Every structure is written in C-alpha cells, then in structure tokens.
Amino acid sequence: MAEVLVYVDHVDGAVRKPTLELLTLARRIGDPVAVHLGANAAEAAKVLAEYGAVKVLAADAPEFSEYLVAPKVDALQAAYDAVSPAAVLLPSSAEGKEIGARLAVRIGSGIITDAVDLEAGDEGPVATQSVFAASYTTKSRVTNGTPVITVKPNSAAPEAAPAAGTVEQLAVTVADSSKGTRIVSRTPRESTGRPELTEAAIVVSGGRGVNGAENFPVIEALADSLGAAVGASRAAVDAGWYPHTSQVGQTGKSVSPQLYIAAGISGAIQHRAGMQTSKTIVAINKDAEAPIFELVDYGVVGDLFDVVPALTDEVKSRKG
Ligand SMILES: Cc1cc2nc3c(=O)[nH]c(=O)nc-3n(C[C@H](O)[C@H](O)[C@H](O)COP(=O)(O)OP(=O)(O)OC[C@H]3O[C@@H](n4cnc5c(N)ncnc54)[C@H](O)[C@@H]3O)c2cc1C
C-alpha cells in the first residue's frame, strides 16, 4: 500500500488532536508515515502508532526552533525524498499551510488547503473544501505531482488503529538559504485554561448583542460549563470587548467544531465564513428575523441574558 506522509503538530512531544485526525484520514489513502520534528519523538511515537502510523520519521535540530518555517520544510522534503509518498498531509494551521505551500513549490506539486474531508480516488486523493464564505462545497484533486493537502481541525473524529510506529531517524541538512529569518524572542500566550479556538470541539461565541466587555463572563460561563472555547464576532472585537485572537470569521479564525453556539450574533456573511462548517449550529438572538437563523440546527429567539445563564445552569445541573 502507498505511504502517506503526515506532518506531526506537537508541543514537546505531546501530539495535538489535529494530527490524530490527519492519521485517521491518511488511512483512507494509504499507510500513514508520521514526520516528527523536534524533541521527544519516542513519546510522540506511542500515540502516533496508536492512531495508525506505520513508521515515525524523526529529526531534531536547533534550527527548527531558531528559525521560521524553512528548516522544517527542508526536513519534510527529506522525508518526501525518503518515502516517495502518495500524498503529504498537514494541519491547516498558519504554519502547516506555509510549510505545505513551500514544499509543494519545491517538489513541483499542487496544493489544496483547508480541506474538510478527504477520500481515496481512482486518480489520487479527493479533498472536500468549503469555499466562497462556505456557500459552496467543492471536491478537488491535485493533478500535478504528489498532492500536498492541509486539513482543517475537527474534519474527522480520531479513530485508534494500532500500527507499528517504528521510529526511524531522518537525516536532514538545513540549507543556509533556510536560515533567512531568525526568531529573536518568544512570549507564551497567557493561558485561559480553555481549549484552543480552532481545535475546540465546542465553541461559544458572543457578538454585539453581548453589549459590553463586562458582560462577556456570561458567554465564558456557558463555555466553561461545556469545556468550550470562547469566540467573538468582529463587532464585539472591534468594540474592544474581546481579544482579536478570538475573532471568528473571514478576517478572523476559521472554526469547525462539533457544536457552535452563537449568542447575540446576527450572522453576517463574513462571520458565517468562519463557522459555517460547524457540525451543529445553535443561535440565541432576540430578533427572529436575524440571518443567523437561516443556517442553524437549533435556534432560540430570546434575550441572551435570560437564555444563556439558564442554559449554563441546565448544563451544570445535568453534569451533576
Ligand atoms: C471585509 C470585512 C471582513 C469582515 N470580517 C468579519 C469577521 O471575520 N468576523 C465577523 O464576525 N464579522 C466580520 N465582518 C463584519 C460583519 O460584516 C458584521 O458587521 C459583524 O459580523 C456583525 O457582528 P454581530 O453579529 O456581533 O453584530 P450585529 O450585526 O450588530 O448583530 C448583533 C445581533 O445581536 C442581537 N442581539 C442584540 N441584543 C441581544 C440580546 N440581548 N439577546 C440576544 N440577541 C441580541 C441582535 O438582534 C443582532 O442580530 C467583516 C466585515 C467586512 C466588511
């Protein structure tokens, strides 16, 4: 069976969920071979093997953390040369897309970004994308070279499928031309204790209807009762009520959770662009004519200051 390279997203060897999703999708096309760059490959390999990696190609070099993405592209290209894969899969993070695009240019291949599904096809893997502010669903196939495909988080439920996960060292030569941009400082983001917005299984977002930064704790309380991330519309962000890093939409983050709850958000096309691929959408809005109700699975016409706290209490009581 053909091998499929899967670029591993991890924090010091702790493999992040989008990589497990990639392994699950990769198995539809061939045998997943994980590419782990950085420390703690052996620890990561246990998880990667559990989710189907037949092999883990590992490399560690100071250049991976000292410079921006180019040394990682050198490593992924070395893995590509070693394996001659049927496809290369990466998570659709900003970094994943940059690494994927650079690799595609180097190996003369086409790239598909932000896929939300992947299936095997007679002439190569077929990727599903949600395009034009999520108003169309398209299926595409790379026609030139080895397909490089980035996949959005939450596009598949990770399924365990134990495989060997044998760790092999990958020889990487970092080119001088890959050391053009050095990282001079790093500031860890202050942790909210909530899941990362783009990876969260549940997102609760607030909009202009929240009516002030001082009211956002109402949204946060519901999010915390569900173990969710908190998002915001651009109107709420522009008003300074919530950080820009939480903006969902065309000019913010794109999310695709199992459950998206929009409170006090009208459903402008630019907001939809970032959340329309969510599996189940719930809206709370006091205007029954609000456009958000056109795309919801469940809608509540009501004042969010009544509905959201009641929902939070109900979730808490059911959790016991
Ligand atoms: C180029 C461009 C890019 C953009 N990018 C983005 C983007 O990335 N993300 C984004 O979100 N927007 C984006 N926008 C802005 C977008 O067009 C809308 O202006 C914005 O999404 C509106 O935010 P909102 O729904 O919170 O506010 P509004 O449209 O003002 O809606 C507020 C809603 O809250 C309801 N409401 C009020 N009070 C209550 C209450 N007490 N209880 C319940 N409901 C209540 C109202 O009925 C209303 O439907 C962009 C615009 C442009 C031009």
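Order of appearance sets the numbers: ligands from 1, and atoms from 1 within every ligand. Here the structure is a predicted model, which means the values were calculated and not measured.
Within the 4.0 Å cut-off (strictly below), a protein heavy atom is located near atom 5 (N) of ligand 1.
Among Ala239, Ala262, Ala232, Ala235, the residue whose heavy atom sits closest to atom 22 (C) of ligand 1 is Ala235. For atom 45 (C) of ligand 1, the candidate residues are Arg208, Lys286, Gln250; the nearest heavy-atom contact is made by Lys286.
By the 6.0 Å contact criterion, NZ on Lys179 is enclosed, its count of non-hydrogen atoms from other residues, nucleotides or ligands being greater than 12. In this structure, Asp81 places its CG atom where more than 12 heavy-atom neighbours from other residues, nucleotides or ligands lie under 6.0 Å away. More than 12 heavy atoms of other residues, nucleotides or ligands shown are found within 6.0 angstrom of CD on Glu214.
Within ligand 1, counting atoms from 1 as listed, the ones closer than 4.0 Å to a heavy atom of Gly252 are 8 (O). Of all the atoms in ligand 1, the ones that sit under 4.0 Å from a non-hydrogen atom of Gly249 are 7 (C), 8 (O), 9 (N). Heavy-atom contacts of Gln247 reach the following atoms of ligand 1: 6 (C), 7 (C), 8 (O), 9 (N) (cutoff under 4.0 Å).
Between Val203 and Leu197, the closest side-chain pair of non-hydrogen atoms falls below 4.5 Å. Pro153 places none of its side-chain heavy atoms less than 4.5 Å from the side chain of Lys17.
Protein heavy atom in closest approach to atom 42 (N) of ligand 1: Leu304 N, 2.8 Å. In this structure, the protein non-hydrogen atom closest to atom 49 (O) of ligand 1 is Asn285 ND2, 2.8 Å. Of the protein's non-hydrogen atoms, Ser233 OG, 3.5 Å is the one closest to atom 24 (P) of ligand 1. Remark: minimum distance from atom 32 (C) of ligand 1 to any protein heavy atom is reached at Gly264 O, 3.4 Å. At the shortest separation from atom 3 (C) of ligand 1 among protein heavy atoms lies Arg234 NH1, 3.0 Å. Nearest to atom 20 (C) of ligand 1 among the protein's heavy atoms is Ala268 CB, 4.2 Å.
Side-chain atoms of Gln276 and Tyr260 include no donor-acceptor pair closer than 3.5 Å. Side chain to side chain, Lys139 and Thr128 meet the donor-acceptor criterion of an N or O pair below 3.5 Å. Counting only N and O atoms by type, the side chains of Arg106 and Gln77 include a donor and acceptor under 3.5 Å apart.
Proximity of Ser266 to ligand 1, defined as any heavy-atom pair under 4.0 Å, is shared by backbone and side chain alike. Proximity of Val248 to ligand 1, defined as any heavy-atom pair under 4.0 Å, is confined to the backbone N, CA, C and O atoms.
Using a 4.0 Å heavy-atom cutoff, Gly302 is listed among the residues neighbouring ligand 1.
Val308 and Val210 fall within the same hydrophobic cluster, where Ile, Leu, Val, Met, Phe, Trp and Tyr residues are linked whenever their side-chain heavy atoms come under 4.5 Å apart, directly or through other members.
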